[in-house]
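Before I ask anything, let me first share the structure, which is written out below as structure tokens.
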Amino acid sequence: MADATIFHRLKQDHDSHRQLFKKMDDAQGDDDQLKKLFDQFKVEVTAHAAAEEETLYATMLARPDLREDAQHSVSEHKEIDDYLEEMEEQDLNGKEWRETFAQLKKRYLHHIDEEEEEMFPDAAKDLTAEEEKTLGAKFAERKPAELERAKAED
């Protein structure tokens, strides 16, 4: 895994987030389990987004042909944050919370599918294999610190 590219590392996180959504769907009848999973999701997604922005997106923003994709994804990260904040104010597993959760899930799954199917292949055309590995290593270095920060804020 030492040589994993940025795209491989991000895809692994996305797969983990998809699994968390499935577990949260399965836990709708168990508020304690749902709270635990939702808290885990918030920390994971927040740390993932921050580390992704500091590595891949920062690189993409510096390149005119990739800038628009990066800006679009940063705005989607903000949208996800807004959903998470909104859900904090709602009663866990209440009607309003479940509706917001459904919107969050739809938007986030769209976001990661768009990244994997469109943005990553576009960025890969512009990055060298060495840059992909370097960004992967930087992401692996940044994410633990971002996890700690996200846990502290939760």
Side-chain angles (χ1 to χ4, degrees), residues 4-64 66-124 135-154:
T5 70
I6 185 67
F7 305 118
H8 179 77
R9 290 186 188 279
L10 295 173
K11 174 83 167 68
Q12 280 187 313
D13 276 7
H14 293 170
D15 289 344
S16 172
H17 301 160
R18 288 181 181 102
Q19 285 299 312
L20 280 169
F21 273 128
K22 183 177 178 347
K23 289 177 183 178
M24 286 186 282
D25 284 338
D26 293 344
Q28 292 288 324
D30 181 348
D31 286 357
D32 290 340
Q33 180 67 3
L34 182 60
K35 170 100 173 97
K36 180 180 156 198
L37 290 166
F38 182 66
D39 288 345
Q40 179 184 352
F41 178 80
K42 284 187 307 189
V43 166
E44 285 286 329
V45 166
T46 301
H48 168 89
E52 184 176 42
E53 288 175 13
E54 293 169 13
T55 56
L56 180 61
Y57 292 0
T59 300
M60 291 175 67
L61 287 167
R63 298 183 183 198
L66 298 176
R67 188 172 299 135
E68 189 176 325
D69 281 345
Q71 289 169 333
H72 175 76
S73 287
V74 168
S75 72
E76 287 185 343
H77 282 184
K78 172 67 173 113
E79 184 180 4
I80 301 303
D81 276 349
D82 291 346
Y83 279 120
L84 294 172
E85 285 180 29
E86 188 177 334
M87 293 174 78
E88 285 295 317
E89 305 300 316
Q90 299 169 341
D91 291 332
L92 178 78
N93 213 11
K95 182 180 184 300
E96 193 178 36
W97 190 93
R98 285 192 307 275
E99 288 171 0
T100 307
F101 175 76
Q103 292 170 335
L104 164 71
K105 181 179 174 184
K106 180 180 177 181
R107 290 299 300 143
Y108 187 72
L109 292 175
H110 165 79
H111 169 72
I112 61 178
D113 287 345
E114 189 175 59
E115 281 187 332
E116 292 172 5
E117 295 167 14
E118 297 171 28
M119 190 181 84
F120 292 175
D122 287 349
L135 289 170
K138 285 182 182 176
F139 179 84
E141 184 181 304
R142 283 298 318 142
K143 189 167 174 211
E146 294 300 337
L147 280 169
E148 287 304 313
R149 189 169 76 184
K151 286 177 189 172
E153 291 175 2
D154 189 40

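Side chains included, hydrogens not; waters and symmetry mates left out as well; all remaining heavy atoms used. Along the sequence shown, residues are numbered consecutively beginning with 1. Computed from a predicted structure; not experimentally measured.
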key: Donor-acceptor contact below 3.5 Å, side chain Asn93 vs main chain Gly29   = no

ask   = Does a sphere of radius 6.0 Å around NZ in Lys23 hold more than 12 heavy atoms from other residues, nucleotides or ligands, not counting ones at 6.0 Å or beyond?
value = no

key: Nearest-0.5 Å distance that lies between atom NE2 in His17 and atom CD1 in Ile112   = 8.0 Å

Glu118: partners by side-chain contact (heavy atoms from CB on, under 4.5 Å), with sequence neighbours left out = Glu114

query = Under 3.5 Å, is there a donor-acceptor pair between the side chain of Asp91 and the main chain of Gly94?
reply = no

ask   = Can you tell me how far CG of Asp39 sits from NZ of Lys151, rounded to the nearest 0.5 angstrom?
value = 12.0 Å

key: Interatomic spacing from CE in Met87 to CG in Leu104 - rounded to 0.5 Å   = 5.5 Å

ask   = Which atoms form the tightest heavy-atom contact between Ala27 and Leu34, and what is the distance?
value = O-CB, 3.8 Å

inquiry  = For a quick test of reading the model, state the closest non-hydrogen atom pair linking Ala150 to Ala47 and the distance between them.
reply    = CB-N, 4.4 Å

key: Sidechain N-carboxylate O distance under 4.0 Å for Asp26, Lys22   = yes

request  = Taking atom CD of Gln33 as the centre, report whether more than 12 heavy atoms of other residues, nucleotides or ligands fall under 6.0 Å from it.
outcome  = yes

message = With heavy-atom distances below 4.5 Å as the criterion, would you say the side chains of Thr5 and Phe139 are in contact?
response = no

ask   = Does a donor on one side chain and an acceptor on the other come within less than 3.5 Å for His72 and Glu76?
value = yes

remark   = Distance col, row Glu68:CD vs Met119:CE, nearest 0.5 angstrom, shows 12.5 Å

request  = For the pair Tyr108 and His111, name the ring-plane relationship: parallel under 30°, tilted 30 to 60°, perpendicular over 60°.
outcome  = tilted

inquiry  = For the residue pair Ser16 / Glu44, report whether a side-chain donor-acceptor contact shorter than 3.5 Å exists.
reply    = no

key: Other residues, nucleotides, ligands: >12 heavy atoms within 6.0 Å of Glu86 CD   = yes

Minimum side-chain heavy-atom gap Leu135-Phe7 below 4.5 Å = no

ask   = Who passes salt bridge (charged side-chain N to carboxylate O under 4.0 Å, His left out) against Glu116, sequence neighbours left out?
value = Arg18

task = Give a yes or no on whether a salt bridge exists between Lys36 and Asp32, defined as a side-chain N under 4.0 angstrom from a carboxylate O.
result = no

request  = Apply the salt bridge (charged side-chain N to carboxylate O under 4.0 Å, His left out) test between Glu54 and each candidate in Arg142, Lys138, Lys143; give the one that qualifies.
outcome  = Arg142

query = Is the closest side-chain donor-acceptor distance between Glu115 and His14 under 3.5 Å?
reply = yes

request  = Carefully, step by step, assess Asp13 and Arg9 under the rule salt bridge (charged side-chain N to carboxylate O under 4.0 Å, His left out).
outcome  = CA-CA 6 Å; Asp13 276 7; Arg9 290 186 188 279; over 6 Å; no

key: Pairwise side-chain contact, Thr46 with Glu146, heavy-atom cut-off 4.5 Å (strictly under)   = no

request  = With rounding to the nearest 0.5 Å, note down the distance linking CG in Leu92 to CZ in Arg98.
outcome  = 10.0 Å

message = I'd like to know whether Val74 forms a side-chain contact (heavy atoms from CB on, under 4.5 Å) with Lys78, so could you lay out the CA-CA distance, the side-chain angles of the two residues, the decisive distance to 0.1 Å, and finally the verdict.
response = CA-CA 6 Å; Val74 168; Lys78 172 67 173 113; 5.9 Å; no

ask   = Which pair of non-hydrogen atoms, one from Trp97 and one from Gln90, has the smallest distance, and what is that distance?
value = CA-OE1, 3.2 Å

ask   = Quick one: CZ on Phe38 to CE on Met24, what's the gap to the nearest 0.5 Å?
value = 7.0 Å

